Amino acid sequence: MLTIGSYRLHCLDVQYFSLDGGSVFGVVPRVMWEKVIRPDSLNRVRLSMRLLLISGKGRHILVDAAMGDAWPEKLSKIYCLTDFRLDNELARVGLKRADITDVVFTHLHFDHLAGAFERHDDHLDTIFPDAVFHIQKQNYLSAVSPNLKERPSYRKEFVQALQECSNLNLLDGDTELLPGIELFCVGGHTAGQQLVRVFDEKRSLVHGGDLLPSAAHLGLSRGLGFDIEPLEVINEKRRLLSRMLEDRSILFFAHDPFVEAASLCLDERGEAVVHSTISLGDCS
């Protein structure tokens with residue numbers, strides 16, 4: 001495992017799903033992105049749903065919750081949704097659902113929120129009843145009253161289930177969750193997205209959220225088709241990558257099916273690229 005300061009960091013590979021390649025790579029032509037990841041016959045590309053677990057100071061913190069298994073069969077097939085392996089992955093590091101004290105949602109699109117709930121008959125209940133859910137208020141309000149572009153991404157039944165929870169901590173801007181763990185807001189993909197940085201005097205790790213969901217999105221112009229403000233995504237990437245290169249931070253990818261995390265460097269054109277791939281389980 002990777003240790004930063006007082007915290008042990010684990011990668012939980014809980015699930016895979018598929019989305020249309022055009023929505024994943026935006027304006028990048030298929031002839032370019034299919035060299036990175038091959039689409040299926042319906043133009044879908046397979047993506048990971050990788051959760052970051054941060055343990056220390058008596059807390060076990062999950063970043064996001066994946067899609068889970070509370071989906072109708074039709075949608076499960078459309079998204080090529082694999083089994084939800086959260087319990088297996090938690091057991092691998094000696095934990096159970098009940099041990100999770102906090103869930104930090106980078107944002108509330110369905111592939112980050114839905115796994116926090118399970119279906120009992122016609123009702124959705126949280127699988128983390130004792131955990132505090134940390135969400136930017138701006139993103140919460142966007143999920144409750146989504147714009148037309150994002151309405152399919154903010155799945156109403158899961159947002160409503162979240163509204164019924166009594167353990168919400170709505171944040172207003174950048175926040176120190178605990179010493180050595182900061183949550184900071186980035187614009188462009190959706191209103192109120194927050195990323196997570198774990199750091200000490202020697203090194204740091206940043207969860208890329210959907211600003212930097214995969215190594216294939218390191219290029220400044222390589223945004224998601226879901227981004228509501230593509231130019232702001234470019235500006236946010238430029239700022240974040242500059243800071244990470246200066247700090248020599250590790251970048252954690254939530255959706256990259258091949259690369260769990262990486263150190264970065266500049267190529268001959270001055271653009272950020274993967275220097276070396278990293279597995280948190282191999283770090284010390």
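Treat the numbers as computed from the prediction; the structure is a model and nothing was measured. Hydrogens, waters and symmetry mates play no part in the numbers below; they use all other heavy atoms, side chains included.
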Q: Cation-pi check, Arg239 to Phe184: give yes when NZ or CZ is under 6.0 Å from the six-membered ring centre and within 45° of the ring axis, no otherwise.
A: no
Q. In this structure, are over 12 heavy atoms from other groups packed under 6.0 Å from Arg92 atom CZ?
A. yes
Q) Which pair of non-hydrogen atoms, one from Glu236 and one from Leu211, has the smallest distance, and what is that distance? A) CB-CD1, 3.9 Å
Q: Take Arg203 and Ile4 through the test side-chain contact (heavy atoms from CB on, under 4.5 Å) and record every step on the way to the result.
A: CA-CA 7 Å; Arg203 56 183 169 184; Ile4 298 180; 4.2 Å; yes
Q) So is Arg197 actually on top of Phe199's ring, under 6.0 Å and inside 45° of the axis? A) yes
Q. For Glu34, which residues count as a side chain to side chain contact (heavy atoms under 4.5 Å, CB included) partner, sequence neighbours excluded?
A. Arg30, Arg38, Pro39
**Q.** Thr82 side chain vs Gln15 backbone, donor-acceptor pair below 3.5 Å
**A.** no
Q: Evaluate side-chain contact (heavy atoms from CB on, under 4.5 Å) for Val206 paired with Leu212, printing each intermediate quantity in order.
A: CA-CA 10 Å; Val206 174; Leu212 293 162; over 6 Å; no
Q.
Does the plane of the ring in His112 sit parallel, tilted or perpendicular to the ring in His107? Use 30° and 60° as the thresholds.
A. tilted
Q: Look up atom CG in Leu95 and atom CG in Leu86, then write down how far apart they are to the nearest 0.5 Å.
A: 10.0 Å
Q. Under the ring-ring contact (aromatic ring centres under 6.0 Å, His included) test, which residues partner Phe110, sequence neighbours left out?
A. Trp71, Tyr79
(Q) Please verify the inter-ring angle class for Phe133 with Phe117; under 30° counts as parallel, over 60° as perpendicular, anything in between as tilted. (A) perpendicular
Q: Kindly compute the distance separating CG (Asp111) from OG (Ser48), expressed to the nearest 0.5 Å.
A: 10.5 Å
Q | His255-Phe17 aromatic ring centre distance below 6.0 Å | A | yes
Q. Under 3.5 Å, side chain of Arg97 to main-chain N/O of Leu90, donor-acceptor pair present?
A. no
Q. Where do Tyr154 and Pro146 come nearest, in terms of heavy atoms and distance?
A. CD1-CB, 3.8 Å
